[in-house]
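Because only heavy atoms are used, hydrogens play no part in the values below, and waters and symmetry mates are left out as well, while side chains stay in. Order of the sequence lines sets the chain letters (A, B, ...), proteins ahead of strands, with each chain counted from 1.
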Protein chains: 4
Amino acid sequence: MTTQTPRGDTRARIVDVALELFSEHGYEKTSLREIADRLGVTKAALYYHFRTKEDILAGIVDSMSAPIDEAIAWGREQPYSPEVRDEIVRRFAEGMADRQRLLRFFHENQPTIRELSVGTRFKERMINLTRLMQGPEPTFEDRVRAAVSLMVINVTHFISEAVEEEQCGNEPVDPESRQAVALRVALDVAEQIGKPAQD
Amino acid sequence: MTTQTPRGDTRARIVDVALELFSEHGYEKTSLREIADRLGVTKAALYYHFRTKEDILAGIVDSMSAPIDEAIAWGREQPYSPEVRDEIVRRFAEGMADRQRLLRFFHENQPTIRELSVGTRFKERMINLTRLMQGPEPTFEDRVRAAVSLMVINVTHFISEAVEEEQCGNEPVDPESRQAVALRVALDVAEQIGKPAQD
Amino acid sequence: MTTQTPRGDTRARIVDVALELFSEHGYEKTSLREIADRLGVTKAALYYHFRTKEDILAGIVDSMSAPIDEAIAWGREQPYSPEVRDEIVRRFAEGMADRQRLLRFFHENQPTIRELSVGTRFKERMINLTRLMQGPEPTFEDRVRAAVSLMVINVTHFISEAVEEEQCGNEPVDPESRQAVALRVALDVAEQIGKPAQD
Amino acid sequence: MTTQTPRGDTRARIVDVALELFSEHGYEKTSLREIADRLGVTKAALYYHFRTKEDILAGIVDSMSAPIDEAIAWGREQPYSPEVRDEIVRRFAEGMADRQRLLRFFHENQPTIRELSVGTRFKERMINLTRLMQGPEPTFEDRVRAAVSLMVINVTHFISEAVEEEQCGNEPVDPESRQAVALRVALDVAEQIGKPAQD
DNA sequence: AATGAATGAGGGTTCATTCAT
DNA sequence: TATGAATGAACCCTCATTCAT
């Protein structure tokens with residue numbers, strides 16, 4: 001008597017599977033047939049829920065927007081200070097913690113994303129975030145550091161995955177300390193923002 | 001009797017144009033027709049010089065190997081020290097300086113590269129480099145930092161491009177100081193390697 | 001308790017909208033989704049009222065049959081004479097006056113109609129009409145003229161539309177005189193029927 | 001030893017077969033697969049010769065332009081007179097004589113053609129022709145008659161085909177007299193151009 | 001009287017690749 | 001050292017249609 005398709009939430013399942021495949025094989029190399037097959041439906045079924053392949057991607061991205069927007073909103077209400085700057089990094093890191101697959105996807109599919117309109121929207125969000133991390137009159141280096149700092153959060157996650165895979169007689173690393181490392185490195189990068197170049 | 005195409009080195013021109021297009025639109029979305037068109041030859045001509053599309057990519061990657069291999073070779077002959085570690089970062093940065101397009105390509109086409117055998121070879125090289133940056137008994141954090149440090153070099157280059165694009169009435173930033181910033185950030189990240197976690 | 005859709009006559013509204021779209025974009029290029037959308041219902045709703053797409057078309061055609069059948073019926077009871085012939089043309093023209101969209105559709109979708117069984121029925125009707133326009137022993141030219149005459153009625157309507165669109169600072173032409181022109185031209189063509197070829 | 005594909009003129013053969021199928025089943029209902037199949041090649045082969053399905057159609061249409069353009073060119077050099085008007089009709093009729101399939105296609109696929117850019121070009125040509133058929137200060141009726149006259153040429157051809165098919169114990173009609181009838185009818189319609197409305 | 005979800009068939013198009021010349 | 005012609009597989013997408021509710 002139980003339904004075979006685990007609920008009417010096909011739309012959500014599509015987004016799920018799509019993200020999984022997109023992040024694994026890339027957006028271009030993932031065909032709608034693969035997505036449909038893995039879901040046990042027809043390609044045409046996807047088109048009942050999404051107007052276009054790009055639309056599926058947009059659906060994915062939207063599911064990531066919330067935490068970033070919240071971080072931006074919070075940041076806008078604070079006066080600038082190094083503590084606020086660090087807090088933004090922290091909030092960003094936290095917000096992204098359970099969205100690693102999406103982050104990987106974003107990082108590894110830039111050429112696609114860049115040309116796909118959804119990319120512009122994401123980019124703008126990131127730029128806004130970085131602006132809140134910079135002091136009143138940021139130098140070029142300040143701005144680069146802000147951007148790199150956030151990106152380090154992203155990158156570190158899957159770098160540490162790779163590091164773990166590499167011959168590891170060691171103990172498996174728990175997710176929290178992985179995140180802690182990411183945060184530490186990101187804050188390192190952010191720390192020099194606003195300080196005079198000591199070159 | 002003079003050659004009709006500027007030089008007979010069509011092969012090199014193919015690699016050139018291919019890299020340009022691959023890095024701009026991505027490997028998957030770049031068709032051989034586009035490459036051929038921009039070169040003013042036929043698709044079939046490409047097949048005279050390369051056996052497959054993947055082969056072109058291999059050609060590209062090979063042209064990047066040298067400086068990394070040299071850095072590895074150099075590093076292997078030095079006993080480990082923080083100075084050596086920094087020097088490796090420096091050499092890597094320098095070697096990559098005029099290969100930014102390739103770096104971008106590598107970064108932005110991971111899903112493709114991962115599945116393309118040429119990726120494995122590149123990854124191994126990078127791992128070797130990072131190993132030389134780590135002390136004798138690296139912690140997990142040490143290893144992550146080493147990897148992130150190198151990746152920061154890559155990432156910073158095109159992050160700063162983006163930062164420049166963003167509205168700035170300021171002076172255009174010259175390539176050297178761009179590289180200097182990249183290096184500084186990378187060294188920041190590397191600096192804590194080997195130090196006890198002060199969390 | 002009032003009906004939610006203006007009237008319960010959805011069926012008629014479907015035929016209406018369908019004809020509008022069929023005549024504008026053609027039968028093949030008009031999808032059931034477009035029809036449904038414009039009506040504010042679902043595709044599936046159409047299937048409550050019609051068994052197939054072709055059925056909708058049949059519905060359309062049927063709504064046009066009456067005046068032609070009447071003209072035929074009338075013609076059959078008259079003995080042939082040039083006056084009767086002209087009267088048939090007149091009645092046909094009048095009957096079609098408020099069915100221009102349908103005429104256009106018929107004219108411009110012949111390949112479809114030809115293969116759709118509804119086409120045969122319509123064609124037969126037209127042939128019957130032309131027969132009544134021909135004298136007792138029609139020559140080939142007589143028969144052609146009869147057919148062309150009727151077709152001129154159809155064609156003229158949307159030709160004159162096109163002519164109006166074409167740049168003319170002149171007064172907009174009222175429908176009646178448009179019809180008058182159509183009729184005049186059609187009668188011109190019919191006039192020579194039965195006369196010896198004066199070639 | 002003879003080549004199986006009857007020559008390297010694939011491009012021309014495509015146009016040929018395409019026109020045949022387009023005019024028989026309509027543009028929309030004719031799939032590239034059908035065209036390819038009948039030619040004994042792959043769909044992809046069509047794309048070597050034409051960029052698009054629409055392009056095939058454009059190829060077809062271009063092959064019809066010449067005689068019309070010539071008629072226009074000739075007409076432009078003559079001062080207007082009823083004789084010139086009739087001569088234009090004659091030249092048009094002659095030019096179209098061996099292009100009946102194309103004419104049929106044009107007539108029966110208006111909805112498609114209208115939206116296909118190639119339609120605009122054709123329409124302009126026809127308008128130009130009709131302008132040459134009108135006197136200096138044409139009334140609305142004059143302009144309609146000019147347009148109808150030309151269209152009668154087109155229509156008559158396949159009307160008379162239909163008339164022949166219809167039960168014909170009679171002798172088969174030879175093409176020349178068919179054309180003669182068409183011309184006669186068209187000239188009938190044109191004759192009243194410029195005369196005061198005798199309504 | 002109508003909908004939501006899905007399907008199967010087919011559409012036009014693009015691609016990497018081949019091969020005789 | 002290249003090209004012209006072609007292919008086979010796959011792609012994204014659309015459509016008419018169905019059926020349980």
* Asked: Does A:Thr52 make a side-chain N or O approach to OP1 or OP2 of F:dC13 shorter than 4.0 Å?
  -> yes
* Report yes or no: is the cationic atom of A:Lys53 (NZ for Lys, CZ for Arg) under 6.0 Å from the centre of the six-membered ring of A:Tyr27, at an angle within 45° of the ring normal? => yes
* **Euclidean distance, atom NZ of residue B:Lys43 to atom P of F:dT7 [Å, nearest integer]** => 13 Å
* To do: Report yes if a side-chain nitrogen or oxygen of B:Thr10 is closer than 4.0 Å to either non-bridging phosphate oxygen (OP1 or OP2) of F:dA2; otherwise report no.
  => yes
* Structure fact -> The answer to which of A:Ser31 and B:Gly40 contacts DNA chain F further toward the 5' end, by nearest nucleotide, is B:Gly40
* Answer yes or no: does a side-chain N or O of D:His49 lie under 4.0 Å from OP1 or OP2 of F:dA6? => yes
* To do: Report the residue (A:Leu46 or C:Leu46) whose heavy-atom-nearest nucleotide on DNA chain E is the more 5′ of the two.
  => C:Leu46
* Structure fact -> Re E:dT17: Watson-Crick or G-U wobble partner, both distances kept under 3.5 Å, found to be F:dA6
* Structure fact -> Among E:dG4, E:dA16, F:dA5, the one nearest any side-chain atom of B:Lys53 is E:dA16
* To do: May I have the distance from C:Arg51 (atom CZ) to E:dA2 (atom P), rounded to whole angstrom?
  => 19 Å
* In whole angstrom, what separates A:Glu28's CD from E:dC15's P? -> 11 Å
* Minimal non-hydrogen separation, B:Glu20 against B:Arg38, with atom names -> OE2-NH1, 2.9 Å
* Send over the distance from B:Tyr48 OH to E:dA16 P, rounded to a whole Å. => 22 Å
* Residue A:Ala44, side-chain heavy atoms: nucleotide from F:dC13, E:dA2, F:dC15 that is nearest -> F:dC15
* Let me know the distance between CD1 of B:Ile35 and C1' of E:dT17, rounded to the nearest Å. => 14 Å
* Short side-chain N/O contact from A:Arg33 to OP1 or OP2 of F:dA10, under 4.0 Å -> no
* For A:Ala45 and for D:Glu34, locate the closest nucleotide of DNA chain E by heavy-atom distance; then report the residue assigned to the nucleotide nearer the 5' terminus. => A:Ala45
* In whole angstroms, how far is the C1' atom of E:dT18 from the CZ atom of B:Phe50? -> 18 Å
* To do: Nearest whole angstrom, please: distance from the P of E:dG11 to the OH of D:Tyr47.
  => 11 Å
* Length of the CG-P vector between C:Leu32 and F:dC15, whole Å -> 9 Å
* Carboxylate-amine/guanidinium proximity below 4.0 Å for A:Lys29 and A:Glu24 -> no
* To do: Please name the pair of heavy atoms, one in C:Phe122 and one in C:Ile68, separated by the smallest distance, quoted to 0.1 Å.
  => CE1-CD1, 3.9 Å
* To do: Would you check if A:Arg121 and A:Asp62 make a side-chain contact, meaning some heavy-atom pair closer than 4.5 Å?
  => yes
* Quick one: look up who E:dA1 pairs with, Watson-Crick or G-U, both distances under 3.5 Å, and put none if it's unpaired. => none
